[in-house]
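Here the structure is laid out as structure tokens; the discussion comes afterwards.
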Amino acid sequence: MTVGAGTAAMPVRLQQAVAVVLAFAFAYFLSALLRAVTATLAPVFSSELGLQPADLGLLAGAYFLGFAAMQLPLGRALDRFGARRVLLVLLSGAVLGCLAFAQAETLTSLIAARLLIGMGVSACLMAPLTCYRHLFDTSTQLRLNSWMLMTGSLGMLASTLPVQLLLPLTGWRGLFNVLAALLVMAMAFVAWHAPRGGPATDAPCAGSYRDIARHPSFVAMAPLGFFNYGGLIAIQSLWAGPWLTQVGRYSAVQAAEGLFAINLIMLCAFMTWGVVMPRLVRRGVQAQQLITWGLPASLLALAWIVALGPAAGALHWALWCLLSTLVSLSQPAVGQAFAAALAGRALSAFNLVIFAGVFCVQWGIGLGIDALAAAGWGKVASFQGAMAAFGLCCALSHAWFVWRQRRMLIIAPDIPPR
């Protein structure tokens, strides 16, 4: 790990760097757990509260709506005030959201609480990535990005079988009270270990979101972020669970075990990318090349799942998720395309695209399932049709990216937007 190699001069010892990374990682672990827990709790919400697929999609998507709504102000705040201060303020909102969710009695109050949770954890990845942009060199940023995503997969892993096993002891309301307490603990770790002030507080705030949105790298990557990356999170954090129970006829426990396997495989994938990607960069292999040639395999895997229908189980979804992890390389690639002073805004703008995509895909699949069922399609066929439409959007997004690549509109790292 190369420490102190960023554009700003903030000398950091290795021991301090590890403490910073671990503090940020714990907060991101909890945010990922909160993101994905609705997939495990979906059968409970359906039976206890009578929620339909569209209701589940809206409830799960409320997290991402709140998350997305914060991204543009978050980017400016990170560039102006620094990662530590912004993250602590927002996490306090997540604590209140968990407590409110635990007390909610109606779908409306559940949605409002989940919206607040999404807003509260909206900086849990952007804050560390912005901090890393100032502290570490390019290859270390790529490694840490993958390892942060690995931590997120660990949180999603914890949201599956461990949550299923914990439910008889705490109930879903008690679970959210426990999560509120863990978020307070995460705030203490961040307050103790994260850099105070630092380069982000001194960075100039010149440059607009319009400039970022027009940047060639951003234009090429945005549809991938919306449909492919956002769709990966939408499936992983919600729709893999209902597919297993309603299409594959898994029991609730079997579905939790299947989701555990999916997230374990993704954890291993991100850990591998963290090891491999810096070596590939040193050999001249760029993230854009890997996305161009590798991502179509995920499209084929999704088409296979749709064709198999009830025969497609957890391992098939795990394969699709594994192949789709390539799209995660788009996030650090976008961050490196901008000067460090714009890192917070660039990363947050792209994150806005991703999580707007998560909300739209998550809710859209639910609406699609309900619409096809209302048109007379069977349950399995409705799921297949909705997933096929999602797959078509992913294929068109990849085609757009390849076309922009061929027009030579992907620029080298660290060139500010024009």
Side-chain angles (χ1 to χ4, degrees), residues 32 35-36 39 142 145-154 156-157 160 220-221 223-241 243-244 247-248 258-277 279-280 285-309 311-334 354 357-358 361-362 365 383-384 386-402 405:
R35 176 201 307 171
L142 286 168
N145 178 81
S146 293
W147 284 353
M148 287 295 293
L149 294 175
M150 179 191 75
T151 302
S153 292
L154 186 61
M156 293 185 181
L157 198 68
T160 58
M221 293 284 193
L224 285 178
F226 189 92
F227 287 109
N228 299 68
Y229 203 167
L232 170 62
I233 299 171
I235 299 295
Q236 183 190 16
S237 60
L238 178 63
W239 286 114
W243 177 285
L244 295 178
V247 177
L259 293 171
F260 184 90
I262 290 170
N263 287 293
L264 179 61
I265 288 172
M266 288 194 68
L267 184 153
C268 295
F270 287 129
M271 181 172 62
T272 302
W273 281 123
V275 173
V276 171
M277 197 60 207
R279 299 177 184 177
L280 293 178
V285 179
Q286 299 299 316
Q288 292 88 342
Q289 295 171 277
L290 293 171
I291 293 171
T292 297
W293 297 107
L295 200 58
S298 73
L299 303 176
L300 294 175
L302 183 58
W304 187 33
I305 289 171
V306 171
L308 287 175
L315 292 181
H316 296 88
W317 281 112
L319 175 63
W320 176 76
C321 289
L322 174 65
L323 295 172
S324 297
T325 57
L326 274 169
V327 77
S328 69
L329 301 177
S330 62
Q331 199 161 38
V334 168
I354 293 171
V358 177
V361 172
Q362 206 161 61
I365 288 176
F383 269 83
Q384 287 174 298
M387 290 298 178
F390 162 63
L392 178 61
C393 292
C394 290
L396 292 174
S397 300
H398 184 263
W400 168 264
F401 172 76
V402 172
Q405 281 279 85

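Throughout, residue positions are numbered sequentially from 1 according to the sequence presented.
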Straight-line distance of Phe227 CZ to Leu392 CG, nearest 0.5 Å: 9.5 Å

Measuring only between side-chain heavy atoms, which start at C-beta, is Gln289 closer than 4.5 Å to Gln405? no

Less than 4.5 Å apart, any side-chain heavy atom of Leu396 and any of Pro223? no

If you round to the nearest 0.5 Å, how far is CE of Met156 from CG of Leu149? 9.0 Å

Donor-acceptor list for residues 259-273 side chains, cut-off 3.5 Å, not counting sequence neighbours:
{"from": "Asn263", "atom 1": "OD1", "to": "Gln236", "atom 2": "NE2", "distance (Å)": "2.6"}
{"from": "Asn263", "atom 1": "ND2", "to": "Leu259", "atom 2": "O", "distance (Å)": "2.8"}
{"from": "Thr272", "atom 1": "OG1", "to": "Cys268", "atom 2": "O", "distance (Å)": "2.8"}
{"from": "Trp273", "atom 1": "NE1", "to": "Thr325", "atom 2": "OG1", "distance (Å)": "3.3"}

Would you sort out whether Gln331 and Met221 count as a side chain to side chain contact (heavy atoms under 4.5 Å, CB included), showing the intermediate values? CA-CA 9 Å; Gln331 199 161 38; Met221 293 284 193; over 6 Å; no

Atom CG of Leu315 with >12 non-hydrogen neighbours under 6.0 angstrom: no

Test Leu295 against Leu224 for side chain to side chain contact (heavy atoms under 4.5 Å, CB included), laying out the working first. CA-CA 10 Å; Leu295 200 58; Leu224 285 178; 3.8 Å; yes

When every non-hydrogen atom of Ser330 is compared with those of Val327, the smallest separation belongs to OG-O, 2.6 Å

How long is the straight-line distance from OG of Ser298 back to CG of Asn228, given to the nearest 0.5 Å? 6.5 Å

Closest non-hydrogen atom pair between Phe401 and Ala220, with its separation: CD1-O, 3.6 Å

From CH2 (Trp147) to OG (Ser153), nearest 0.5 Å: 14.5 Å

Check Val361 against Ala234 and note the closest heavy-atom contact, atom names and distance. CG1-CB, 3.8 Å

Under 3.5 Å: donor-acceptor pair, side chain of His398, backbone of Ala395: no

For side chain to side chain contact (heavy atoms under 4.5 Å, CB included), just list the numbers for Val358 and Arg35, CA-CA rounded to whole Å, side-chain angles, deciding distance to a tenth of an Å, and then say yes or no. CA-CA 11 Å; Val358 177; Arg35 176 201 307 171; over 6 Å; no

When you measure from the side chain of Trp239 to the backbone N and O of Gln362, does any donor-acceptor pair fall under 3.5 Å? yes

Could you check if a side-chain atom of Gln384 sits within less than 4.5 angstrom of a side-chain atom of Val247, using non-hydrogen atoms only? no

Look at the rings of Trp317 and Trp320 and say which category their plane angle falls in: under 30° parallel, 30 to 60° tilted, over 60° perpendicular. perpendicular

To the nearest 0.5 Å, what is the distance between OG (Ser146) and CG (Leu329)? 6.0 Å

To the nearest 0.5 Å, what is the distance between CG (Leu319) and CG (Leu302)? 11.0 Å

Using the side-chain hydrogen bond (donor to acceptor under 3.5 Å, both in side chains) criterion, which residues pair with Asn145? Sequence neighbours excluded. none

